[in-house]
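Counting from 1, the numbers follow the sequence of the chain as shown. These values consider heavy atoms only, across backbone and side chains, with no hydrogens, waters or symmetry-generated copies.
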Amino acid sequence: INGAGRVTSSSNINISTEVQGKLTTNINLKKGTEFSENQILFKIKDSDARLLLIARKSNYLNLISNSLPDLKIDFTNSFEKWESFFNSIKVNSALPEFPNFSTNKEKNFIVSRSILSEYYSIKSEEERLKKYIITAPFNGSILEAFTDEGAIVNPGSPIINIIRKGDMEIEIPINPL
């Protein structure tokens, strides 16, 4: 069978953002711009979110610090792990792994002080912070750009439409016989 058709990419996706902020990029957001897998396509200004996370970690340190004296008196065997956990928290780094509970009484104490819930709230914010940097899922090029550098983008707004490089398909119309 002979035929003529249009060559298209097998992977054509819209890249949008899950966060709001000012768009910055090191690549030209224009049709035909090529990029490599895992290359940063664009960033959203994250200084407000980063400072809010640092403030939240600081409050978390205060929360644990206020509980350490009670832990030392009521949970002597577990005090060292909680003090070590407290000392390993750095406001500019990801939270360390949460210690395991030795007893139900210890678990109830930690939960009643909101230490566990605040830990997971901060972990959630750390994950959200990762959404401010968008990297390329594959080698490809920009098919269409919906905005420019410096624009304020909102969650769900499409930023660029990209295609995979090298993985192409041919669309050939076939007449029914």
Side-chain angles (χ1 to χ4, degrees), residues 11 13-27 29 35-140 146-162:
S11 298
I13 60 173
N14 279 332
I15 303 287
S16 59
T17 179
E18 295 182 51
V19 294
Q20 180 178 357
K22 184 178 180 179
L23 184 95
T24 60
T25 182
N26 290 336
I27 67 168
L29 291 182
F35 51 82
S36 302
E37 185 174 1
N38 295 324
Q39 179 181 353
I40 295 175
L41 295 175
F42 57 88
K43 296 179 183 180
I44 309 298
K45 185 179 173 193
D46 67 352
S47 56
D48 291 345
R50 192 170 299 282
L51 290 171
L52 184 62
L53 181 60
I54 289 171
R56 196 151 187 198
K57 285 181 184 176
S58 178
N59 285 335
Y60 188 59
L61 283 168
N62 185 40
L63 182 66
I64 296 172
S65 176
N66 290 336
S67 300
L68 283 176
D70 293 332
L71 283 164
K72 188 170 188 170
I73 293 169
D74 295 339
F75 304 98
T76 309
N77 296 340
S78 299
F79 176 73
E80 280 187 34
K81 74 177 173 187
W82 290 107
E83 184 178 41
S84 175
F85 175 69
F86 172 76
N87 290 332
S88 65
I89 296 173
K90 308 288 184 240
V91 293
N92 289 320
S93 302
L95 284 179
E97 188 173 328
F98 197 80
N100 292 324
F101 300 116
S102 302
T103 64
N104 281 336
K105 185 178 177 184
E106 178 187 356
K107 177 181 175 183
N108 290 338
F109 176 81
I110 295 299
V111 169
S112 71
R113 298 285 176 106
S114 299
I115 294 172
L116 184 62
S117 65
E118 188 62 18
Y119 175 84
Y120 284 108
S121 294
I122 291 171
K123 289 301 273 183
S124 173
E125 290 297 319
E126 288 176 346
E127 285 300 311
R128 182 171 173 76
L129 199 56
K130 293 176 185 177
K131 296 177 182 182
Y132 284 83
I133 299 174
I134 307 300
T135 58
F138 46 71
N139 294 330
F146 303 107
T147 190
D148 288 320
E149 182 170 4
I152 303 298
V153 294
N154 293 314
S157 300
I159 308 298
I160 53 176
N161 184 306
I162 62 174

Check the angle between the aromatic planes of F75 and F109 and answer parallel, tilted or perpendicular using the 30° and 60° thresholds.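 The arrangement is tilted - the two ring planes meet at 30° to 60°.
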Using the six-membered ring wherever Trp is involved, compare the ring planes of F98 and Y120 and label them parallel, tilted or perpendicular (cut-offs 30° and 60°).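 Correct class here is tilted.
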For [X], side-chain hydrogen bond (donor to acceptor under 3.5 Å, both in side chains) partners two or more places apart:
X	answer
K22	none
S102	S78, K81, E106
R113	S67, D70
N154	Q20

So, taking the atom named [atom1] in [X] and the one named [atom2] in [Y], what distance separates them when rounded to the nearest 0.5 Å?
X	Y	atom1	atom2	answer
L129	I122	CG	CD1	13.0 Å
I89	Y119	CD1	OH	8.5 Å
N104	N108	CG	CG	6.5 Å
I160	T17	CD1	OG1	11.5 Å
I115	I64	CD1	CD1	5.5 Å

Under 6.0 Å from the [atom1] atom of [X], do we count more than 12 heavy atoms belonging to anything else shown?
X	atom1	result
E37	CD	yes
Q39	CD	yes
N26	CG	no
K105	NZ	no

Can you find a heavy atom in the side chain of L29 that is under 4.5 Å from one in the side chain of L23?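 When only atoms from C-beta onward are counted, L23 and L29 do touch, with a gap below 4.5 Å.
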Does the side chain of T147 reach to within under 4.5 Å of the side chain of S157, using non-hydrogen atoms?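 The answer is no; the side chains never approach within 4.5 Å.
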Side chains of residues 42-53: which donor-acceptor partners sit under 3.5 Å, not counting sequence neighbours?
| residue | atom | partner | partner atom | Å |
| --- | --- | --- | --- | --- |
| D46 | OD2 | R50 | NH2 | 2.6 |

Under the rule for salt bridge (charged side-chain N to carboxylate O under 4.0 Å, His left out), what residues qualify as partners of [X], not counting sequence neighbours?
X	answer
D74	none
E118	R56
K107	none
K57	E126

With F86 via ring-ring contact (aromatic ring centres under 6.0 Å, His included) - residues at least two apart: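 Partners of F86 under the ring-ring contact (aromatic ring centres under 6.0 Å, His included) test: none.
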Holding to ring-ring contact (aromatic ring centres under 6.0 Å, His included), I want the full list of residues that pass it with Y60, two or more places apart in sequence or in another chain.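 None.
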Sequence neighbours excluded - side-chain hydrogen bond (donor to acceptor under 3.5 Å, both in side chains) pairs with any residue from residues 83-100: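 Counting only pairs at least two positions apart or across chains, no side-chain hydrogen bond (donor to acceptor under 3.5 Å, both in side chains) contact touches residues 83-100.
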